[in-house]
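The basis for the numbers below is simple: all heavy atoms, side chains too, and nothing from hydrogens, waters or symmetry mates. Below, read A as the first sequence line, B as the second, and so on, with proteins coming before strands; counting in each chain starts at 1.
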Protein chains: 2
Amino acid sequence: MLPGVGVFGTGSTARVLVPLLQAEGFEVHALWGRSEEEACGLAKELSIPFHTSRSDDVLLHQDVDLVCIYIPPSMTRQIAVKALGIGKNVVCEKAATAIDSFKMVTAARYYPQLLSMMGNTLRFLPAFVAMRQLLVEGYVGDIQVCDVRVYGPSLLDQSYGWTSEELMGGGGLHIVGSTIIDLLSYLTGHRAHRVHGLLRTFVEQNNLIRGIRRVTSDDFCFFQMLMGGTGPSGVCCTVTLNFNMPGSFVHEVMVVGSAGRLVVRGTELYGQRNESKCEELLLADISGVGPEVKEMPLPHLQGLSSMVKALRQSFQAHEERRLWSQGPVASAPTFEDGLYVQTVVEAVKRSSISGEWVCVEIMSQEPDPNHNLCEALQRNKN
Amino acid sequence: MLPGVGVFGTGSTARVLVPLLQAEGFEVHALWGRSEEEACGLAKELSIPFHTSRSDDVLLHQDVDLVCIYIPPSMTRQIAVKALGIGKNVVCEKAATAIDSFKMVTAARYYPQLLSMMGNTLRFLPAFVAMRQLLVEGYVGDIQVCDVRVYGPSLLDQSYGWTSEELMGGGGLHIVGSTIIDLLSYLTGHRAHRVHGLLRTFVEQNNLIRGIRRVTSDDFCFFQMLMGGTGPSGVCCTVTLNFNMPGSFVHEVMVVGSAGRLVVRGTELYGQRNESKCEELLLADISGVGPEVKEMPLPHLQGLSSMVKALRQSFQAHEERRLWSQGPVASAPTFEDGLYVQTVVEAVKRSSISGEWVCVEIMSQEPDPNHNLCEALQRNKN
């Protein structure tokens, strides 16, 4: 039996997600928005019976067993941790900081029987599922290089908000780069141990953001990740993100190995082995999802659709609405993956400031908030 | 009147260059090869009346007024400097080191009336000539990002030789990266002041290079250049070179600016302005050059053809065979450009070793070969 769903957020993802959930047979019982008006408007539009701007009203709603959190990164941790504490299953977007991600990991570890899943939908895109399968089967031989590029129009919201603020989780690296970091660890089976990056904000002001306000989030980001691997050199990943290209959308993930390469362009998978003269189409776009939604690129949109299908499969075999099976969502990113991704994002940011390679060190305990104070006291004592 | 030509080299470039020269009306009087057999074989094939394996025989040949040097990088400096000293015009490939490049600059400065031109043919490719013109006219607005990728099969020779040796000028960075470094300074009108890079040799041995021999030159290289520019952030250039991709050839140079972007794919120029919905073809491939020569990618081949045409125009207006006009070859890379390129190449290599950003500092005087000795003596004295 499918669980009742509560959705946090009124942005473009929530707007696309709700109809997808409904189409798979989920009942969306409650919607949370930052303001009553936003919540009311979207709830009416999407036929959701209950709406609110108070988070507890959704979390404590008796018909809500699965909470989907698609809100600004700085608010994610609070809702996700509370939802788990109340005993609800959680699918959520990334947090704003590694400390927040770590708190989410702690909560997820404490409630292992609950579903806790990061919302990176690229892992569910059929082209990437097929790519991973071929990589495991040795299509490209030893993986040498992953080369990713995402080009598109500005990620800034219409009005000044978190997307303009680097510290609030805005910017190409945090919004899009994080999905790529997660995807590459999924595809290669390895994690980055060292990263180097360069971030730029080429457009600091526009028609809507002006006066004393400036955009601090990156619109161009370029980073490299060195990962483990079977070859002596490991795997080198290079990622270029450019969001100063209105009117275009390029989403290309290439994996080059000793015996051939695979590349996903948009939602289609192509491959070429070294001995072959030309590239072959390995997986065409066969999805039934309609034309591109203005604010959501096709790979993310189709991945979201596949993720919702996987969620249905995970829940439907069980009589009890809160029970789920691991199988259909086994490849989904966990909160641990979320912490890894956030750690890499912050390492790239530090590298961009220092200009140096930065080691990726996953937090294993929460930093003591009094640490600096203690140090200061220590110094005074001496 | 066109000058008589002497050609150094029997490799793929020389083999393509001679027929192009002959087609434009140049007489190729002499050919130098490393061995008598190589020289003899190619001279017969290309109907060159004189061949030799002694360089002076070409340099001192009375009918030779223009010397074209297409030999391994470690030998270039010696021939180029000597040719200028004898009063011959020179077109030559890159040297192996910045010190060699500096010696070539010194010679070129000493004989300003002689033609001294580096052989980077990409500057002559019509697509890049048109791209530069559009950049100057402001098609993309302020230039923000240049993004280049070149993918292709291995650059290694059939047998073990300089292409396998990093110190001999082998590797993707030195062979292909240098043409891109030169091209980007031509296109943007700026030079790199800081670079960061990563080089890898994924294939250290193959069927032909084995036993105790290992390839030391890079087959994967990835570098960034920070350049001056009109915007506050300057221009960020990212270059990805991958020569572990047999059966493919990708040569793509994209320039993104505040108002639009231009991209040359292969030999064709495309553009899109920010307000436009789609990309437009700005310059189709209209060249008469035939199908791709196996060992020379089309952009280089067509560039070479255009360079030879420019050389003809430069020389043909003059009665005296050694006189030439600046106009038609005004955009050609000078030996000073060659020194800049070599300096960037070495900076990228240093960055790959240290992992840090490296400043590009052009040599302004020859390093004292006794410098280390002097320092040691100095230390002993104290």
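- With a 4.5 angstrom heavy-atom cutoff, A:Ser354 does not touch chain B via any of its atoms.
- For chain A, no part of B:Arg194 is nearby; none of its heavy atoms comes within less than 4.5 Å.
- Ranked by heavy-atom pairs shorter than 4.5 Å toward chain A, the options B:Ser276, B:Pro246, B:Gly355 are led by B:Pro246.
- Both the backbone and the side chain of B:Ser248 come within contact range of chain A, with heavy atoms under 4.5 Å apart.
- When heavy atoms are compared at a cutoff of 4.5 Å, B:Gln144 approaches chain A by way of both its backbone and its side chain.
- A 4.5 Å side-chain heavy-atom check between A:Phe202 and B:Val145 finds at least one atom pair inside the cut-off.
- Comparing A:Arg200, A:Lys277, A:Arg261, A:Glu279 by heavy-atom pairs within less than 4.5 Å of chain B, the highest count is held by A:Arg261.
- With respect to the salt-bridge test (charged N to carboxylate O, under 4.0 angstrom), the residues B:Arg149 and A:Asp147 do not qualify.
- Between the side chain of B:Gln272 and the backbone N or O of A:Gly247 there is at least one donor-acceptor pair closer than 3.5 Å.
- Rounding to the nearest 0.5 Å gives a distance of 5.5 Å between CZ of A:Phe220 and SG of B:Cys236.
- Counting heavy atoms from C-beta outward, A:Leu226 and B:Leu198 have side chains that approach closer than 4.5 Å.
- Ring orientation note: the planes of A:His196 and B:Trp357 are tilted relative to one another, at an angle of 30° to 60°.
- Only the side chain of B:Gln224 comes within contact range of chain A, with heavy atoms under 4.5 Å apart.
- The CZ atom of A:Phe222 sits 6.0 Å away from atom OG1 of B:Thr240, with the distance rounded to the nearest 0.5 Å.
- When all heavy atoms of A:Asn244 and B:Val256 are compared, the pair lying nearest together is O-CG1, 4.1 Å.
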